Every structure is written in structure tokens, then in C-alpha cells.
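Notes follow once the structure below has been shown.
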Amino acid sequence: MESALDEIEFLALSQNRVDALRYLAERPHSRRELVERTGASQPTMGRILSDFEARSWLVREDGAYRATVTGELVSRGFDDLVDILDTDAKLRPVVEWLPTDAITFDLEHLTEATITTPSQVRPNAPVKRAVSLLSEAEDVRIFSYAFNEQNLDIVRERTAAGDQRFEGVFSSAAIDALAHDSQLREQLRDLLNADAAAVRITDEPIPMAATIADTTVHLFLRDDNGILQASIDVTEPEVLAWADDLFERYWEAAEPLDLDRL
């Protein structure tokens, strides 16, 4: 284990080593090409190539250097480790609020996610992010324990105008909360009357507030007290497949919401 950690340290302490090994894993390079691509000096590159050769990470053929199969393996593995640590650094501020019990995809698929947090000047930033996605999407599906006023308003307007197709699965508590407000009840009634909208209701607990806006998956992240702490959205196919499967499961188990309930 100490030897492996030493090798990780050997690479991590020099960006030139990391870059050189990555370039060699792509295709053979001459020493001059590696100097030009990395920006390292000739003596430095000479030492790097010598160190790689001693580790059997490269071989020299016809005046050029190429990575061996183990050199390619090390380069790929080191890049994977860097990606994992990048993901960890990005998710660290919000990881405690992620619905990890329901997440079945690898968290590495959140590397390119957009994380939106409230601030003093933009306390509703996560909600505005969701509204922005809803305002542009042509196909929207939501499964959630809540249906906030802003989302309801934009979905109602766009489905009535024929600009959006909407399907939603909500907890009974979420719908009952809207129905107890006369203005929101009428907005929900308008939504139900739209040809491009369908809403279902379930008594089954829905542990998250998730929106699928075209190919973007958006999650509201709340703490144990129900206070909105952040939102996260991502377009990775694996995350989209996860959200699609969850939506279908809730949708099949739910019952259509009709006007009589309102």
C-alpha cells in the first residue's frame, strides 16, 4: 500500500508528469513534442521520461515514446481519481442533503452538475433556477412532496399556451395544501383542464422534489427541517435514466387527480 501511495505522490507532485503520461497514453510522442505540449524544459522532460522508463510506463520506438499497457492503466486510473476528488469537492457543501437512500447511480455522474445555493442577495436562487428550466422546457415531469406556487404558475401558463407537455405525481399533502388556498386551487384547476397536462396523486411518501425538464434532472435539496438549502441539476444520461425510472414507478402507483377532489 505504501508503494502505491508513493507512486500516486510521484505523479501528483508534478503536473508535467501527469500531462506527459496522459499524452503518451493517447499516442506516441517525440521528446520535443512532449516539451512543446507540457511546457516543461528539455532537462525536466528528460528526467520525466527516465523515471517513466524505470517504472515500465513507456517504451521508446523509432525515436518516439509510447505508453505501455501499464502506463495507460496508471494514466487512466490517476485521471479517474482526480475526477472523483473533483466531484467530492463540488458535492461536499451539499452532500448531507442529497437523497442518497434513493440514488442508485454513481455520484461521479454529478461532476458536471450545476449547484445553486441561496445567498443573502438571492435567497430564492434555487427556486429561480427551477423556474428557469421550466420556462424553457417542452416536456416536463415532476415527482414531489410539494408543488410550489412559482412552478405551478409557469407550468399552467405554458401548458395552456400549448408550449409544454406536463405530467406530475405529487403527494396527497402537496395537493391538499394547494387546494386549501383559493387562488392556487384555481390555478391547479386550470392546469387540470389543459389538454397537455396530467396530474396524479399518491399517499405513498415521495422523499424528494424532482423535476425532469426535457433532458435535465433538477432536485431541490432540503435539510431535516424542510428548509431549502440548495438545488442541483444535471444532464447526464445515467441520472436521467434514474429519474425516468423513479417517475414511472410513482406514476404507475398513483391515481389520477380529478376536479372533484378540489
Side-chain angles (χ1 to χ4, degrees), residues 82-103 105-159 163-164 166 168-171 173-188 191 205-236 238-240 242-243 246-247:
V82 171
D83 288 342
I84 289 171
L85 294 176
D86 282 343
T87 302
D88 169 68
K90 187 167 191 176
L91 296 180
R92 197 174 300 168
V94 300
V95 67
E96 63 181 301
W97 304 306
L98 286 172
T100 51
D101 290 344
I103 288 177
F105 58 83
D106 197 313
L107 289 182
E108 70 180 14
H109 297 303
L110 297 180
T111 301
E112 302 300 324
T114 298
I115 297 175
T116 307
T117 56
S119 66
Q120 187 172 0
V121 296
R122 298 182 64 218
N124 293 326
V127 174
K128 289 185 176 181
R129 175 63 180 171
V131 169
S132 175
L133 292 172
L134 291 176
S135 299
E136 300 174 357
E138 296 180 359
D139 186 90
V140 171
R141 287 165 293 158
I142 293 178
F143 54 97
S144 177
Y145 52 74
F147 198 10
N148 68 58
E149 180 178 0
Q150 295 95 325
N151 287 0
L152 171 59
D153 190 46
I154 192 66
V155 167
R156 178 183 61 84
E157 289 183 358
R158 287 181 58 77
T159 53
D163 296 328
Q164 188 175 94
F166 175 76
V169 185
F170 300 96
S171 66
I175 297 301
D176 289 343
L178 292 177
H180 280 100
D181 183 292
S182 60
Q183 181 178 351
L184 297 180
R185 182 171 62 248
E186 290 308 310
Q187 290 182 349
L188 182 56
L191 178 63
I206 301 179
M208 69 191 78
T211 297
I212 307 170
D214 291 333
T215 58
T216 299
V217 178
H218 177 278
L219 302 175
F220 280 127
L221 306 181
R222 301 179 185 272
D223 62 22
D224 293 338
N225 296 318
I227 298 174
L228 182 60
Q229 298 290 345
S231 72
I232 185 169
D233 57 87
V234 64
T235 58
E236 284 290 316
E238 289 80 2
V239 182
L240 179 60
W242 165 80
L246 267 184
F247 176 84

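This one's a predicted model, so the numbers in the text were calculated from it and none came from an experiment.
Not one N or O on the side chain of K90 forms a donor-acceptor pair closer than 3.5 Å with the backbone of I115. With hydrogens and angles ignored, the 3.5 Å screen pairs a side-chain donor or acceptor of N148 with a backbone N or O of Q150. Using a distance-only test at 3.5 Å, with no hydrogens or angles considered, no donor-acceptor pair links the side chain of D139 to the main chain of D214.
Listed here is the closest heavy atom pair of P118 and Q229: CD-O, 2.9 Å. Closest non-hydrogen pair, A174 versus F170, comes out as CB-CB, 4.2 Å. The two residues E238 and F105 have their closest heavy-atom pair at O-CB, 4.4 Å. Nearest heavy-atom pair, V239 versus L110, reported as atom, atom and distance to 0.1 Å: CG2-CD2, 4.3 Å.
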Checking side chain to side chain contact (heavy atoms under 4.5 Å, CB included) for the pair F147/L191: CA distance, chi angles, key distance, verdict?
-> CA-CA 13 Å; F147 198 10; L191 178 63; 4.1 Å; yes
Given V155 and Q164, is the side chain to side chain contact (heavy atoms under 4.5 Å, CB included) satisfied, shown in steps?
-> CA-CA 8 Å; V155 167; Q164 188 175 94; 3.7 Å; yes
Mind running side-chain hydrogen bond (donor to acceptor under 3.5 Å, both in side chains) on T111 and T87 for me, showing each step along the way?
-> CA-CA 5 Å; T111 301; T87 302; 2.4 Å; yes
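Inter-residue side-chain proximity for V140 and R158 is flagged as unmet; no heavy-atom pair is nearer than 4.5 Å. Side-chain contact check for L221 versus L98: some heavy-atom pair is nearer than 4.5 Å.
The aromatic rings of F143 and F247 sit tilted relative to each other, their planes meeting at an angle between 30° and 60°.
Within the model, atoms CG of L228 and OG1 of T117 stand 10.0 Å from one another, a figure rounded to the nearest 0.5 Å. With rounding to the nearest 0.5 Å, the separation of CD1 in I206 from OH in Y145 is 10.5 Å. Separation of atoms CD1 (I232) and CG (L91) is listed at 5.5 Å; rounding is to 0.5 Å. Taking CG of L188 as the reference point, atom CG of D153 lies at 12.5 Å (rounded to 0.5 Å). We find the CG-OG distance between L219 and S231 to be 8.5 Å, quoted to the nearest 0.5 Å. Rounded to the nearest 0.5 angstrom, E149 CD and R156 CZ are separated by 10.0 Å.
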Give every donor-acceptor pair under 3.5 Å between a side-chain atom in residues 122-138 and any protein atom, sequence neighbours left out.
unit_1	atom_1	unit_2	atom_2	d
R129	NE	D233	OD2	2.9
R129	NH2	D233	OD1	2.9
S135	OG	V131	O	2.7

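The list of ring pair (Phe, Tyr, Trp, His ring centres under 6.0 Å) pairs with a residue in residues 211-233, not counting sequence neighbours, reads H218-F220.
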